[in-house]
Amino acid sequence: MMEALMLTTEAATPGAAVVRPTVWTSAEWSAYFRANAGNRLDVPREAGAGVTPEELAEIVDSLRAWQLGETSDGSRLLRTAEAHAARIGDPGFVDAIRLFIAEEQRHGEELGRFLDAAAVPRVRRDLGDSLFRVFRHFLMRMEVWATVVVMIEVHALLYYAAIRRATGSAVLRRICDQILRDEVPHIRFQCERLAIIHRGRGRVLGVLTAASQRVLFVGITMAVWVGHRRALRAGGFTFRRFWRNSWAQMGRAWRAMRPGAYRWPVRAGG
């Protein structure tokens with residue numbers, strides 16, 4: 001299962017042979033998610049939240065909003081996955097998506113427990129989250145869902161790295177460690193699904209897809225910065241650094257979406 005932790009399919013050193021990983025089946029991804037659910041890092045909760053008022057002031061509003069976003073029930077994504085699975089003849093894909101959603105919800109619950117320990121009320125409504133929930137009504141195709149999820153997960157890599165640097169709380173740092181450990185396989189999972197969808201797509205449509213994705217990524221990157229810039233700055237990100245790192249991470253994800261980046265089994269869907 002360690003292959004799942006590789007996001008890129010590029011050679012590690014110049015001149016080295018490129019080793020293309022095999023696309024995992026839905027059953028293999030389900031097995032990974034089940035195994036990962038039982039392989040969680042221990043969170044040292046016995047000492048309480050362990051966060052200073054100064055640290056909390058910089059990150060708390062952002063953390064509350066992000067925690068809310070992690071707790072979505074995933075019902076729309078699941079319905080989209082069911083329709084997609086029926087269309088491609090891969091019923092196991094629904095189980096993989098269900099387990100993916102459960103892992104995201106665990107992230108939300110861990111963040112919620114930290115907020116509880118810090119005596120910070122959880123929020124039930126946030127402008128950014130509300131806008132995204134409205135936007136989700138238009139995400140009726142698996143390709144669009146997976147693309148948006150990859151982009152959000154890419155920003156999550158930077159966000160949780162920033163939160164980890166912004167606090168000395170052993171609890172919150174360990175939660176961030178777990179989430180960061182989970183996010184790379186999440187991105188790989190969605191990139192593989194997109195590679196399957198894009199396989200056999202003509203050059204013109206491929207160019208249009210790439211262009212639309214870049215426009216969307218600009219919008220999401222700006223929205224994340226505007227909504228979470230105080231916490232990101234507390235974690236060492238200027239806008240320039242955040243912008244540059246976001247595009248670098250997304251560039252790796254785009255390369256992992258390419259069908260040519262993989263060795264294909266006889267049946268890739270499942």
Distance-only donor-acceptor hits, side chain of residues 218-234, under 3.5 Å, sequence neighbours excluded:
unit_1: Thr221; atom_1: OG1; unit_2: His155; atom_2: NE2; d: 2.9
unit_1: Thr221; atom_1: OG1; unit_2: Phe217; atom_2: O; d: 2.8
unit_1: His228; atom_1: ND1; unit_2: Ser62; atom_2: OG; d: 2.6
unit_1: Arg229; atom_1: NH1; unit_2: Val226; atom_2: O; d: 2.4
unit_1: Arg230; atom_1: NE; unit_2: Glu58; atom_2: OE1; d: 3.4
unit_1: Arg230; atom_1: NH2; unit_2: Ala57; atom_2: O; d: 3.4
unit_1: Arg230; atom_1: NH2; unit_2: Glu58; atom_2: OE2; d: 3.2

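A salt bridge links Arg34 and Asp95; the closest N-O separation between the charged side-chain nitrogens and carboxylate oxygens is under 4.0 Å. The existence of a salt bridge linking Arg164 and Asp177 is confirmed by a sub-4.0 Å separation between a basic side-chain nitrogen and an acidic carboxylate oxygen.
Residues Gln67 and Glu70 form no side-chain contact, since every pair of their non-hydrogen atoms from C-beta on lies 4.5 Å or further apart. No side-chain heavy atom of Leu115 sits less than 4.5 Å from a side-chain heavy atom of Pro121.
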Practice prompt. Please report the C-alpha distance between Glu82 and Arg79 in whole Å, then the side-chain angles of each, then the deciding distance to 0.1 Å, and finally whether the salt bridge (Lys or Arg N to Asp or Glu O under 4.0 Å) criterion is met.
Written response: CA-CA 5 Å; Glu82 288 169 349; Arg79 287 198 295 272; over 6 Å; no
Practice prompt. Before giving the answer on side chain to side chain contact (heavy atoms under 4.5 Å, CB included), spell out for Thr71 and Gln105 the whole-Å C-alpha distance, their side-chain angles and the decisive distance to 0.1 Å.
Written response: CA-CA 5 Å; Thr71 59; Gln105 291 172 337; 5.9 Å; no
Fill in: Steps toward salt bridge (Lys or Arg N to Asp or Glu O under 4.0 Å) verdict (Glu109, Arg122)
CA-CA 11 Å; Glu109 184 53 34; Arg122 305 187 194 190; 3.5 Å; yes
Discussion item. Under the criterion side chain to side chain contact (heavy atoms under 4.5 Å, CB included), I'd like the reasoning laid out for Glu103 against Leu99: C-alpha separation, chi angles, the key distance, then a yes or no.
Written reply: CA-CA 6 Å; Glu103 194 155 280; Leu99 292 165; over 6 Å; no
Worksheet entry | Stepwise side chain to side chain contact (heavy atoms under 4.5 Å, CB included) check, Val51 with Leu172 | CA-CA 8 Å; Val51 64; Leu172 185 53; 5.6 Å; no
Practice prompt. Check the pair Phe242 / Tyr159 against side chain to side chain contact (heavy atoms under 4.5 Å, CB included), numbers first and verdict last.
Written response: CA-CA 9 Å; Phe242 178 71; Tyr159 178 77; over 6 Å; no
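Taking hydrophobic clusters as Ile, Leu, Val, Met, Phe, Trp and Tyr residues chained together by side-chain heavy-atom distances below 4.5 Å, Met257 does not share a cluster with Leu208.
Side-chain polar atoms of Thr209 and Arg201 form a donor-acceptor pair below 3.5 angstrom.
In Asp42, the CG atom is not crowded: 12 or fewer heavy atoms of neighbouring residues, nucleotides or ligands sit closer than 6.0 Å.
Tyr262 and Trp264 have perpendicular rings, their planes meeting at more than 60° on a 0 to 90° scale where under 30° would count as parallel. The aromatic rings of Trp247 and Trp243 lie tilted to each other, with the angle between the two planes from 30° to 60°.
By the side chain to side chain contact (heavy atoms under 4.5 Å, CB included) test, Gln178 is found to be paired with Arg40, Leu41, Arg181, Asp182, residues two or more places apart in sequence or in another chain being considered.
Note that Arg193 lies outside the cation-pi zone of Trp24, set by a 6.0 Å cut-off to the ring centre and a 45° limit from the axis. Both the sub-6.0 Å distance and the 45° axial angle are satisfied by Arg165 relative to the ring of Phe237.
Looking only at distances, a side-chain donor or acceptor of Arg20 sits under 3.5 Å from a matching main-chain atom of Gly260. Remark: side-chain polar atoms of Trp66 are not paired, donor with acceptor, to backbone N or O of Ala156 under 3.5 angstrom. Side-chain atoms of Arg45 never come within 3.5 Å of backbone atoms of Val171 as a donor-acceptor pair (strictly under, hydrogens ignored). Asn245 contributes a side-chain N or O that, together with a main-chain N or O of Arg241, makes up a donor-acceptor pair within less than 3.5 Å.
Between Phe189 and Phe33, a ring centre-to-centre spacing shorter than 6.0 Å is recorded.
Listed by first then second residue, pairs satisfying ring-ring contact (aromatic ring centres under 6.0 Å, His included) with a partner in residues 105-124 read His107-His186, not counting sequence neighbours.
Checking each of Gln213, Gln190, Arg188 against Val150 for a side chain to side chain contact (heavy atoms under 4.5 Å, CB included) leaves exactly one that passes, namely Gln190.
When all heavy atoms are compared, the tightest approach of Ile101 to Gly74 is CD1-O, 3.5 Å. When all heavy atoms of Ala96 and Ser26 are compared, the pair lying nearest together is CB-O, 3.9 Å.
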